[in-house]
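Structure record follows, encoded as structure tokens.
All ligand and atom numbering here is 1-based and tracks the order in the structure.
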Amino acid sequence: MSVQIRPATVDDGPFLRAMLYEAAQWNTDWPLEPMDKVIANPITARYIEGWGRPGDAGVVAEVDGEPVGAAWYRLFDESAPGYGFVDASTPELSIAVARLHRRKGIGTALLRALIDRARADGHPALSLSVAPHNQSRMLYQREGFTKVGENRGAWTMRLDLRPH
Ligand SMILES: CC(C)(COP(=O)(O)OP(=O)(O)OC[C@H]1O[C@@H](n2cnc3c(N)ncnc32)[C@H](O)[C@@H]1OP(=O)(O)O)[C@@H](O)C(=O)NCCC(=O)NCCS
């Protein structure tokens, strides 16, 4: 299997939307809700609406030329924050891999590529929100994210990107 990681473009909006749906429906024990209903949640929609605005960046994983996963970040304002909001200068990341392609290292490759991008863009840190019993928490901890707070029962995690 050959996996390619490439930068996300404005045209990837619909695929990122599909991956946002996967991220929101992360628990495979839950009954599947329709995509439009899940993304109609105004806070969830904030992660993707108007994709391609200044500060947005992402990476897409492809297998045989087909997108199978994505990780991206965007800056939020305190008046319309994401679930893992830390401050207006810390982009918050979203990540998902299509179900058939999980546990093969693609999520790790996406996360590392996105962290490299955030560092190259000069961001001081990245944040995210994760349910404590979501196994993806292990992935974030392994890459250096630490818990900095809680919001609606989920952990807010942060990765410091500044050189020490
Ligand atoms: C989280 C996600 C992007 C990880 O992608 P992936 O390609 O499966 O990631 P990798 O194969 O690189 O590594 C996953 C690591 O995360 C952890 N992990 C993720 N899902 C897991 C699961 N279902 N069971 C056990 N460990 C899991 C493990 O530590 C694993 O490492 P290991 O395989 O060496 O044990 C993917 O599982 C996914 O899309 N999940 C649903 C959406 C989601 O939860 N998004 C994040 C919301 S905060």
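Contact detail for Pro91 and Leu75: the closest heavy-atom pair is N-CD2, 3.5 Å.
For Asp36, the salt bridge (charged side-chain N to carboxylate O under 4.0 Å, His left out) criterion is met by Arg17, not counting sequence neighbours. Every salt bridge (charged side-chain N to carboxylate O under 4.0 Å, His left out) that Arg74 has, sequence neighbours left out, goes to Asp56.
Distance alone, capped at 3.5 Å, is enough to place a donor-acceptor pair between the Glu92 side chain and the Gly84 backbone. At least one donor-acceptor pair closer than 3.5 Å links the side chain of Arg46 to the backbone N or O of Pro81.
Pairs passing the ring-ring contact (aromatic ring centres under 6.0 Å, His included) check and including a residue from residues 76-103, sequence neighbours excluded, read Tyr47-Phe76.
A distance limit of 4.0 angstrom between heavy atoms and ligand 1 selects the residues Glu22, Ala23, Trp26, Ile95, Ala96, Val97, Arg102, Arg103, Lys104, Gly105, Ile106, Gly107, Thr108, Ser129, Val130, Asn134, Gln135, Ser136, Met138, Leu139, Tyr140, Arg142.
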